[in-house]
Participant: 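Got a structure here, written out as structure tokens. Questions coming.
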Amino acid sequence: MLNVEKIRKDFPSISSDRIYFDSGCMSLKPQCVIDALTAYYSSYPGCAGRSSHQFSEKVEVGVHGAREAIRTLIGAVDSNEVVFTKNTTEGINLVANSIGLKKGDTVVLSDKEHNSNLIPWLKLAQKGIVVKQVKSKKDNTFDLSAFEKIMDDSVKMVSVVGTSNLDGVTNPLKDISAVTHKHGASLLVDGAQLVPSHPVDVRKMDIDFLSYSGHKAMGPTGTGVLYGKMEALEKLDTFMLGGETVQWSAYDDYQLESIPARFEAGLQHYAGIIGLGVATKYLAKIGLSDVEKHETLLNERLSAGLDDLGLPIIGPAAALRSGIASFLVEGMAPNDVAIMLDKSANMMVRSGVHCVHSWFNSRGLKNGSVRASLYVYNTLEEVDLFLEEMKHVLKLC
């Protein structure tokens with residue numbers, strides 16, 4: 001069991017007079033991460049890989065330490081399989097634009113993809129790439145049978161969300177991987193919601209590429225990770241070129257750097273990367289299995305209460321939805337509900353379509369939903385207070 005009260009003391013933005021239920025958008029940051037950012041800017045604000053002095057050496061150590069911490073967290077073989085990006089979106093775009101898809105090649109997605117894992121592929125469709133969606137089951141879980149039927153040898157890439165930011169459902173990635181590789185395709189996983197809340201082992205799951213954001217995993221904004229099997233990364237073309245991506249250049253030629261440097265163009269967000277390393281170690285120390293169990297415990301209490309209030313929840317039972325509960329309030333726009341909760345009770349949730357416009361538009365829900373997303377620092381007492389406040393909101397319908 002987690003000592004949640006002890007954990008809460010590590011987060012300076014947590015207060016007893018306000019409740020934060022929007023970690024699916026942005027997690028709060030522990031003091032150790034904030035301290036790491038401050039230490040970089042105040043004590044050794046240098047470049048990595050460009051200079052031969054004490055500041056640069058300390059940055060190099062910090063960046064390498066972050067890469068190694070991430071490798072350990074996700075079960076990668078080599079820390080060089082970890083490429084730093086600024087967020088999940090950049091990682092997905094890097095793969096989409098570098099994997100070498102040709103006209104007629106097929107990309108398969110789920111029907112619950114975030115815009116970051118939909119729009120890059122739709123743009124490629126303008127050049128002749130075929131994009132197909134696997135329709136979910138009635139309870140919004142992944143339909144493995146439908147996936148198997150849609151797969152054929154024209155499919156070169158399967159790109160699916162690991163844990164949905166719409167409803168918190170985690171897809172059966174190991175099964176998806178087996179079917180994907182049976183047809184000789186590559187698997188890319190949007191891990192933005194997966195990595196911060198679930199144990200991940202990219203080798204056991206046999207994932208080719210995994211992209212996730214630091215800001216959802218207790219790390220700084222503007223940080224992200226693209227993991228790739230080394231043999232998969234070696235097949236990628238370069239997406240951006242410039243400083244740090246080449247070993248040498250002449251007026252008419254250049255030699256690419258080794259992986260991962262060739263994919264990390266220009267001066268990096270060193271403070272953020274070092275802070276992400278600290279956040280990764282902090283998260284690993286808590287234990288992702290315990291994080292997952294805690295989120296499910298909270299969500300079961302929240303979902304039961306929302307059900308008692310007659311508020312429809314998107315997706316299956318709480319045990320299958322991790323820490324996310326997206327719900328509808330008949331007669332009220334989701335944004336109005338969110339504003340009321342914030343202004344009247346200091347309770348922060350998200351409202352809208354959560355960057356999953358395609359799913360909501362296909363169901364005529366143009367205003368989206370209210371989404372409460374829970375994390376390791378939230379408590380059952382906060383859930384109960386939230387449900388009480390929702391009773392007051394419903395009286396205004």
Participant: Should the pair Asp167-Lys112 be classified as a salt bridge under the 4.0 Å nitrogen-to-oxygen rule?
Facilitator: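 Yes.
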Participant: Can we say Lys395 and Glu389 salt-bridge, meaning some charged N sits less than 4.0 Å from an Asp/Glu carboxylate O?
Facilitator: no
Participant: Using the six-membered ring wherever Trp is involved, compare the ring planes of Phe21 and Phe386 and label them parallel, tilted or perpendicular (cut-offs 30° and 60°).
Facilitator: tilted
Participant: Please step through side chain to side chain contact (heavy atoms under 4.5 Å, CB included) for the pair Thr141 and Asp143, ending with a clear verdict.
Facilitator: CA-CA 6 Å; Thr141 58; Asp143 192 332; over 6 Å; no
Participant: Above 12 or not: heavy atoms from other molecules or residues under 6.0 Å from CD of Gln255?
Facilitator: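 Yes.
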Participant: Taking the side chain from Asn87 and the backbone from Glu90, do they hold a donor-acceptor pair closer than 3.5 Å?
Facilitator: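 Present.
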Participant: Taking C-beta and beyond as the side chain, do Val356 and Asn165 meet within less than 4.5 Å on heavy atoms?
Facilitator: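 In short, these two side chains touch, coming nearer than 4.5 Å.
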Participant: Atom OG1 of Thr106 and atom NZ of Lys156: how far apart are they, to the nearest 0.5 Å?
Facilitator: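 The distance works out to 8.5 Å.
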Participant: Could you report the tightest heavy-atom contact between Pro12 and Gln31, atom names first, then the distance?
Facilitator: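 Pro12 and Gln31 have their closest heavy atoms at CG-OE1, 3.3 Å.
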Participant: Taking all heavy atoms of Ser98 and all of Thr238, pick out the closest pair and write down the distance.
Facilitator: OG-C, 4.2 Å
Participant: Spell out, as yes or no, whether a donor-acceptor pair under 3.5 Å connects the side chain of Glu264 to the backbone of Ala261.
Facilitator: no
Participant: Are the side chains of Lys132 and Val130 in contact, using a 4.5 Å heavy-atom criterion?
Facilitator: yes
Participant: So do the side chains of Ile92 and Phe209 get within less than 4.5 Å of each other, counting heavy atoms only?
Facilitator: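 Ile92 does not reach Phe209 side chain to side chain.
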Participant: Going from CG on Asn171 to OG on Ser177, what distance comes out if it is rounded to the nearest 0.5 angstrom?
Facilitator: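 If we round to the nearest 0.5 Å, Asn171:CG and Ser177:OG are 13.0 Å apart.
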Participant: As an exercise, state the distance from CD of Glu148 to CG of Asp175, rounded to the nearest 0.5 Å.
Facilitator: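 Output value for this atom pair is 8.5 Å.
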Participant: When Asp22 is tested against each of Lys216, Arg350, Arg371 for salt bridge (Lys or Arg N to Asp or Glu O under 4.0 Å), which residue passes?
Facilitator: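 Going through the options one by one, the only one that passes is Arg371.
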Participant: Between Arg321 and Glu300, does any NZ, NE, NH1 or NH2 come within less than 4.0 Å of an OD or OE carboxylate oxygen?
Facilitator: no
Participant: Given Val225, which of Thr280, Val195, Leu276 fulfils the side chain to side chain contact (heavy atoms under 4.5 Å, CB included) condition?
Facilitator: Leu276
Participant: So which atom in Lys102 and which in Ile129 form the shortest heavy-atom distance, rounded to 0.1 Å?
Facilitator: O-CD1, 2.9 Å
Participant: Are there more than 12 heavy atoms of other residues, nucleotides or ligands under 6.0 Å from atom CD of Glu330?
Facilitator: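 Open: at most 12 neighbouring heavy atoms sit under 6.0 Å from CD of Glu330.
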Participant: Distance check, rounded to the nearest 0.5 Å: Met218 atom CE versus Met26 atom CE?
Facilitator: 13.5 Å
Participant: Okay, side chain of Glu113, backbone of Val161: is any donor-acceptor separation there less than 3.5 Å?
Facilitator: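 Yes, Glu113 side chain to Val161 backbone: donor-acceptor pair under 3.5 Å.
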Participant: Just one of Leu109, Val160, Leu210, Val95 clears the side chain to side chain contact (heavy atoms under 4.5 Å, CB included) bar with Leu188, so which one?
Facilitator: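 Exactly one pass, corresponding to Val95.
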Participant: Without swapping roles, check the side chain of Asn378 against the backbone of Tyr20 for a donor-acceptor pair under 3.5 Å.
Facilitator: yes
Participant: Hey, is the main chain of Ser213 close enough, under 3.5 Å, to the side chain of Thr88 for a donor-acceptor pair?
Facilitator: yes
Participant: Report yes if some heavy atom in the side chain of Tyr254 is under 4.5 Å from a heavy atom in the side chain of Thr245; otherwise report no.
Facilitator: no
Participant: Decide, yes or no, whether a salt bridge links Lys229 with Asp208 under the criterion of side-chain N to carboxylate O below 4.0 Å.
Facilitator: yes
Participant: Has Ser373 got a side-chain atom pairing as donor or acceptor with Gly24's backbone, closer than 3.5 angstrom?
Facilitator: yes
Participant: For a quick test of reading the model, state the closest non-hydrogen atom pair linking Leu288 to Pro199 and the distance between them.
Facilitator: CB-N, 3.8 Å
Participant: At their closest point, which heavy atom of Ser362 faces which heavy atom of Trp359, and how far apart are they?
Facilitator: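 Looks like OG-O, 2.7 Å.
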Participant: Could you give the distance from CD1 (Ile273) to CD1 (Ile70), rounded to the nearest 0.5 Å?
Facilitator: 8.5 Å
Participant: When you measure from the side chain of Tyr227 to the backbone N and O of Arg71, does any donor-acceptor pair fall under 3.5 Å?
Facilitator: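 Checking the backbone N and O of Arg71 against the side chain of Tyr227, no donor-acceptor pair under 3.5 Å is found.
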Participant: So Tyr212 and Val200, side chain to side chain contact (heavy atoms under 4.5 Å, CB included) or not? Walk me through it.
Facilitator: CA-CA 12 Å; Tyr212 73 93; Val200 173; over 6 Å; no
Participant: Is any side-chain heavy atom of Ser326 closer than 4.5 Å to one of His354?
Facilitator: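 Result yes, sub-4.5 Å side-chain heavy-atom pair found.
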Participant: Determine the minimum heavy-atom distance between Pro196 and Val291, stating which atoms define it.
Facilitator: O-CG1, 3.9 Å
Participant: Assess whether side chain to side chain contact (heavy atoms under 4.5 Å, CB included) is satisfied between Gln193 and Ile324, documenting all intermediate values.
Facilitator: CA-CA 10 Å; Gln193 305 292 338; Ile324 290 177; 4.2 Å; yes
Participant: Are the side chain of His114 and the backbone N or O of Asn117 linked by a donor-acceptor pair below 3.5 Å?
Facilitator: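 Side chain of His114 to backbone of Asn117: no pair is present.
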Participant: Hey, is the main chain of Glu382 close enough, under 3.5 Å, to the side chain of Thr379 for a donor-acceptor pair?
Facilitator: yes
Participant: Take Ser51 and Ser56 through the test side-chain hydrogen bond (donor to acceptor under 3.5 Å, both in side chains) and record every step on the way to the result.
Facilitator: CA-CA 6 Å; Ser51 306; Ser56 179; 4.9 Å; no
Participant: I'd like to check Leu173 versus Val189 (side-chain heavy atoms, cut-off strictly below 4.5 Å). Are they in contact?
Facilitator: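 Leu173 reaches Val189 side chain to side chain.
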Participant: Leu309, Phe327: one ILVMFWY side-chain cluster at the under-4.5 Å cut-off?
Facilitator: yes
Participant: Measuring from Met390:CE to Leu341:CG, what's the distance to the nearest 0.5 Å?
Facilitator: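 Here the rounded value is 6.0 Å.
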Participant: Checking Thr180 side chain against Ile176 main chain: does a donor-acceptor pair fall under 3.5 Å?
Facilitator: yes
Participant: Evaluate Asn140 against Ser136 for side-chain hydrogen bond (donor to acceptor under 3.5 Å, both in side chains), listing each step before the verdict.
Facilitator: CA-CA 5 Å; Asn140 236 29; Ser136 298; 4.5 Å; no
Participant: Can Asp384 and Arg301 be counted as an ion pair, charged N to O under 4.0 angstrom?
Facilitator: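 Salt bridge between Asp384 and Arg301, a charged N being under 4.0 Å from a carboxylate O: yes.
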Participant: Taking the six-membered ring for Trp, are Phe263 and Phe239 closer than 6.0 Å centroid to centroid?
Facilitator: no
Participant: Between Asn346 and Ile19, is a side chain to side chain contact (heavy atoms under 4.5 Å, CB included) present by the stated rule, with each step listed?
Facilitator: CA-CA 6 Å; Asn346 283 329; Ile19 292 175; over 6 Å; no
Participant: With a 4.5 Å limit on heavy-atom distance, are the side chains of Tyr377 and Ser27 in contact?
Facilitator: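 Tyr377 vs Ser27: side chains touch.
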Participant: Is there a side-chain contact between Cys47 and Leu267, using heavy atoms and a 4.5 Å cut-off?
Facilitator: yes
Participant: Please work out which of the three classes, parallel, tilted or perpendicular, describes the rings of Tyr282 and Phe11, given edges at 30° and 60°.
Facilitator: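 Correct class here is perpendicular.
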Participant: Apply side-chain hydrogen bond (donor to acceptor under 3.5 Å, both in side chains) to the pair Ser197 and Glu295, showing each step before the final yes or no.
Facilitator: CA-CA 8 Å; Ser197 300; Glu295 285 188 20; 2.6 Å; yes
